[in-house]
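Below is one structure, written out as structure tokens; comments come after it.
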Amino acid sequence: MTRRIHGSLLIGGLVLGIGLLHVAGVLQPVEDVVRSTAIPVARVFAAVGFEVGRRTASGETMDSLQNRVNELQSRLSSTVVDYVQLRALQEENRSLRKVGKFLSDSEYDHVGARVIARSTLPQTSTVLIDRGVADGLEIGMAVVAEDGIFVGKIISIQQRVARVQLVTDTLSRVAAAHAGADHLIGIVQGEENGVARLTLVPQAEELKRDDSIVTAGTEEKIPANLPIGLVNQVEGKQTDPFKTASLEPLVQSSRLDLVIVLRPAALRPGS
Amino acid sequence: MRIRDVLLAILFGCLTGLFEATFTTFLPRPFLDIRPVLPLLVGGILLQRSGVAMIFGVSAGLMVDVFSVGPTTLVSASNLALILLISFLARTVITNQSMYAAFALMFCARGIEWCWNLLAGFLWRMSSLHVISIAHAFGDVWRMLIWDELFLAVCFLISSFVLRRYSARRSFVGRS
């Protein structure tokens with residue numbers, strides 16, 4: 001009996017000790033070493049998990065996919081004119097710039113990263129990527145999907161990993177603007193279950209369905225004109241000082257596997 | 001406890017912890033609620049291998065902490081506390097090593113983990129960090145419990161009929 005009590009007290013002391021040491025930051029080097037050692041295995045687990053998740057989910061959502069296709073087709077017809085004009089501008093732009101020189105001209109470097117873990121609570125949308133301080137990343141840097149769509153920003157960072165808060169996280173706030181405009185029009189904030197809302201939009205600001213919303217560039221490490229989403233529905237009375245709009249993010253968090261972190265060239269390791 | 005058992009417990013704990021922290025987060029619901037660490041802990045306690053379970057729990061908890069996406073809940077410490085409490089319950093309440101005893105202990109283990117996460121979320125908020133609740137909603141906990149009981153049932157069946165190393169008629173004597 002006495003041995004059991006001593007054992008229990010020892011374990012209780014261990015529990016308290018681990019908690020205190022963690023809060024004091026003494027365990028940080030140990031955690032960094034463990035993380036560095038385990039990251040290759042975590043990458044394998046994440047890649048396999050992503051594939052399994054993608055294949056498992058596809059069969060369950062056929063009906064919702066069909067509805068989505070119908071909705072997107074109706075949207076496509078309303079944006080054909082804009083697309084034609086944009087295409088012409090893109091071709092002109094491509095002839096003026098060389099591929100690969102764009103990022104150095106824009107003073108932003110980029111680092112590829114893999115998503116190795118995701119949050120499972122419905123009110124949070126954060127992911128863990130396998131890049132950290134050792135790769136020249138800092139808190140506040142923009143994270144984009146492979147096609148340049150803004151998906152979130154880094155909110156905390158360790159030596160080898162970083163946590164990215166997606167735009168659909170309930171605590172996320174991103175300064176936003178209209179595509180092609182040069183001024184801030186509102187704040188994109190996340191809501192539960194993978195959706196976002198554009199808030200604090202002045203009534204005088206023109207806003208309609210299918211408008212493209214991009215980053216405003218007013219935040220220090222987030223470049224301007226990164227696409228965020230499309231306006232779904234504008235809400236608010238004419239007498240309110242501000243209106244809001246539900247946003248449809250262009251990338252679903254469940255489809256995020258590989259991302260790119262935009263890093264100011266001045267912060268590149270060795271510069 | 002042999003060195004081989006310790007090393008195997010550490011390795012298996014690390015892999016299970018990594019699996020829970022990374023692989024399962026990419027699965028769609030209801031598979032998202034698969035959490036293998038706690039059922040294996042409870043199984044280890046019930047099979048009177050608390051020492052090995054402790055090493056497994058700390059290793060797995062360390063992996064979950066290191067790769068946690070949200071604020072850390074010190075899973076390694078919570079697993080230690082859980083082993084203490086579940087061992088106490090197993091010694092004082094249950095009378096044999098049956099699957100029903102495992103189900104009951106698993107229920108208690110999830111409840112204790114939920115309370116720990118609630119406390120951790122409360123402490124994070126008190127430290128002025130803008131953190132929402134870390135504890136899962138009841139609906140999610142019930143789904144986790146269903147997966148836990150299924151997992152335990154499969155482990156018991158394998159142990160009884162394949163490995164033939166377990167007998168429900170053996171009483172629990174509380175030896176660690």
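Protein chains get the first letters and strands the later ones, always in sequence-line order, with residue 1 at the start of each. Just so we're clear, the structure is a prediction, and the values are computed from it rather than from any experiment.
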What part of [X] lies closer than 4.5 angstrom to a heavy atom of chain A: side chain, backbone, both or neither?
{"X": "B/T24", "result": "neither"}
{"X": "B/L15", "result": "both"}
{"X": "B/A81", "result": "both"}
{"X": "B/L74", "result": "side chain"}

If the plane angle is over 60° it's perpendicular, under 30° parallel, otherwise tilted; pick one for B/W142 and B/F107.
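Ring orientation of B/W142 relative to B/F107: tilted.
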
Check the orientation of A/F45 and B/F19. Use parallel for under 30°, tilted for 30 to 60°, and perpendicular for over 60°.
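Plane angle over 60°, so perpendicular.
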
Could you look at [X] and say if it's the side chain, the backbone, both or neither that has a heavy atom under 4.5 Å from chain B?
{"X": "A/V164", "answer": "neither"}
{"X": "A/I39", "answer": "both"}
{"X": "A/R118", "answer": "both"}

Decide if atom CZ of B/R35 counts as having more than 12 heavy atoms of other residues, nucleotides or ligands within a radius under 6.0 Å.
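Yes, enclosed.
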
I need the residue from [options] with the largest number of non-hydrogen atom pairs under 4.5 Å to chain B.
{"options": "A/V44, A/V41, A/T120", "result": "A/T120"}
{"options": "A/E51, A/R163, A/H22, A/Q158", "result": "A/R163"}
{"options": "A/L27, A/V161, A/V48, A/V30", "result": "A/V48"}

Once rounded to the nearest 0.5 Å, what's the spacing between atom CG of B/L82 and atom CD1 of B/I112?
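Answer rounded to 0.5 Å: 5.0 Å.
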
List for me each residue that meets side chain to side chain contact (heavy atoms under 4.5 Å, CB included) alongside B/L80, sequence neighbours excluded, and say none if there are none.
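B/L80 satisfies side chain to side chain contact (heavy atoms under 4.5 Å, CB included) with A/I11, A/L14, A/V15, A/I18, B/M54, B/V58 once adjacent residues are dropped.
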
Classify the side-chain pair B/S76/B/D65 by whether it contains a donor and acceptor separated by less than 3.5 Å.
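The criterion, which ignores hydrogens and geometry beyond distance, is satisfied for B/D65 and B/S76.
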
Identify the heavy atoms of A/R114 and A/A47 that sit nearest to each other, and give their distance.
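Residues A/R114 and A/A47, closest heavy atoms: NH1-CB, 3.6 Å.
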
